[in-house]
2 protein chains.
Amino acid sequence: MADILPFHQERTREPEPLWRVVLGRNLRATREEQGSRLVDIAERAGISPQYLSEIERGRKEPSSEMIAAVTGALGVELGDLLADIAGEVRRRRATGPAVGRRPAGPVLMAA
Amino acid sequence: MADILPFHQERTREPEPLWRVVLGRNLRATREEQGSRLVDIAERAGISPQYLSEIERGRKEPSSEMIAAVTGALGVELGDLLADIAGEVRRRRATGPAVGRRPAGPVLMAA
DNA sequence: GTGGTTGTCCGCCAGGAGCGGAACCACGGT
DNA sequence: ACCGTGGTTCCGCTCCTGGCGGACAACCAC
């Protein structure tokens, strides 16, 4: 089979990132967008600050309930979080590692 | 504070689904769309069929590497998978549990 | 009954989730 | 130097679950 890769579409082939890495990256970005402190979100989520730090840095695999607790503490819906992460993953796939970080945060729900 | 909720936008308030549930649901839907067998995808992913069954039914929290192995076996990119799950979560949030399942599957990559 | 296919149940254990205490780092101020 | 703040890392710990293999279940055809 002929493998003709459209080079003008794929500049640099990024390996697939791991879920926990992109999740953590997005959670931190969201928190920072809100100007919240790590200890505050951790407390609101009912988890230890050490653990939230590790989640944000992609060092731990949080359970689904933990993900729910942190997104809840951030006031973010799972669907919006996933959409935002998806967008980020796709963007990095197309352009490679971001040089200038684009402000990324899911849409906040109006309470 | 005045809490004015636009009722015409929110018909029924669905509790947030768990990540492992929506992930598993989407993986199974994707596999079935492709007409693949569970044992084949499990083998290709290098995991046991029993385990893939449990992942698909939202019974287990797969590690990020496992998610990568399964998406790889399905020929699906993480970003596309996440986008599709996000769309599904948002759809269910807006309309409640789906009565008729809309065909849901991420876009397959052209090799 | 036989056989085949596909997927799920059950028990198991190695290792990781999640924790708390303590130390460390970076930065800013006095 | 000191202090404070916010975040990170290290460490040891307990508990529980990830991922597995053997067995089972459901379904179909002959």
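Everything quoted here is computed from the prediction, not taken from an experiment. Naming: A, B, ... by sequence-line order, numbering from 1 per chain.
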Send over the distance from [X] [atom1] to [N] [atom2], rounded to a whole Å.
| X | N | atom1 | atom2 | value |
| --- | --- | --- | --- | --- |
| B/R57 | D/dG18 | CZ | C1' | 15 Å |
| B/Y51 | D/dT17 | OH | P | 13 Å |
| A/L38 | C/dC25 | CG | C1' | 15 Å |
| B/L52 | C/dC9 | CG | P | 14 Å |
| B/L18 | D/dT17 | CG | P | 13 Å |
| A/E43 | C/dG20 | CD | P | 12 Å |
| B/I41 | C/dG7 | CD1 | C1' | 14 Å |
| A/I55 | D/dG7 | CD1 | P | 15 Å |

Closest to the [X] side chain, choosing from [options]:
| X | options | result |
| --- | --- | --- |
| B/R59 | C/dC9, D/dG7, C/dC19 | C/dC9 |
| A/I47 | D/dG7, C/dC19, C/dG7 | C/dC19 |
| B/S63 | D/dG7, C/dC19, D/dG19 | D/dG19 |

Kindly say if [X] contacts the phosphate of [N], meaning a side-chain N or O under 4.0 Å from OP1 or OP2.
| X | N | answer |
| --- | --- | --- |
| A/R28 | D/dT8 | yes |
| A/R37 | D/dT8 | no |
| A/S53 | D/dT8 | yes |

Between the main-chain N or O of [Y] and the side-chain N or O of [X], is there a donor-acceptor pair closer than 3.5 Å?
| X | Y | answer |
| --- | --- | --- |
| B/T30 | B/N26 | yes |
| B/E88 | B/V22 | no |
| A/R20 | A/E61 | no |

Assess whether one donor atom and one acceptor atom, taken from the side chain of B/Q50 and the base of D/dG22, lie less than 3.5 Å apart.
->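 Indeed there is one.
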
Salt bridge (Lys or Arg N to Asp or Glu O under 4.0 Å), paired with B/R28, selected from B/E54, B/E56, B/E33 |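 When B/E54, B/E56, B/E33 are each tested with B/R28, the salt bridge (Lys or Arg N to Asp or Glu O under 4.0 Å) holds only for B/E56.
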
Can you give me the N/O atom pairs linking the protein to nucleotides 11-16 of chain C at distances under 3.5 Å, or say none if there are none?
none

How would you label the contact of B/R20 with the nucleic acid (heavy atoms, under 4.0 Å): base, sugar-phosphate, or nothing?
->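 If one applies the 4.0 Å heavy-atom cut-off, B/R20 turns out to touch nothing in the nucleic acid.
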
Contact class for B/P62 (heavy atom, under 4.0 Å): base, sugar-phosphate, or nothing?
->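 Counting heavy atoms under 4.0 Å across all strands, the contact made by B/P62 is with sugar-phosphate only.
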
So do B/Q34 and B/L74 actually touch side chain to side chain, heavy atoms under 4.5 Å?
->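 In short, these two side chains touch, coming nearer than 4.5 Å.
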
Do B/V21 and A/S64 come close enough that some side-chain heavy atom pair is under 4.5 Å?
->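 Answer no - side chains too far apart.
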
Are more than 12 heavy atoms from other residues, nucleotides or ligands located less than 6.0 Å from atom CD of B/E43?
->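 Counting other residues, nucleotides and ligands, CD of B/E43 stays at 12 neighbours or fewer.
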
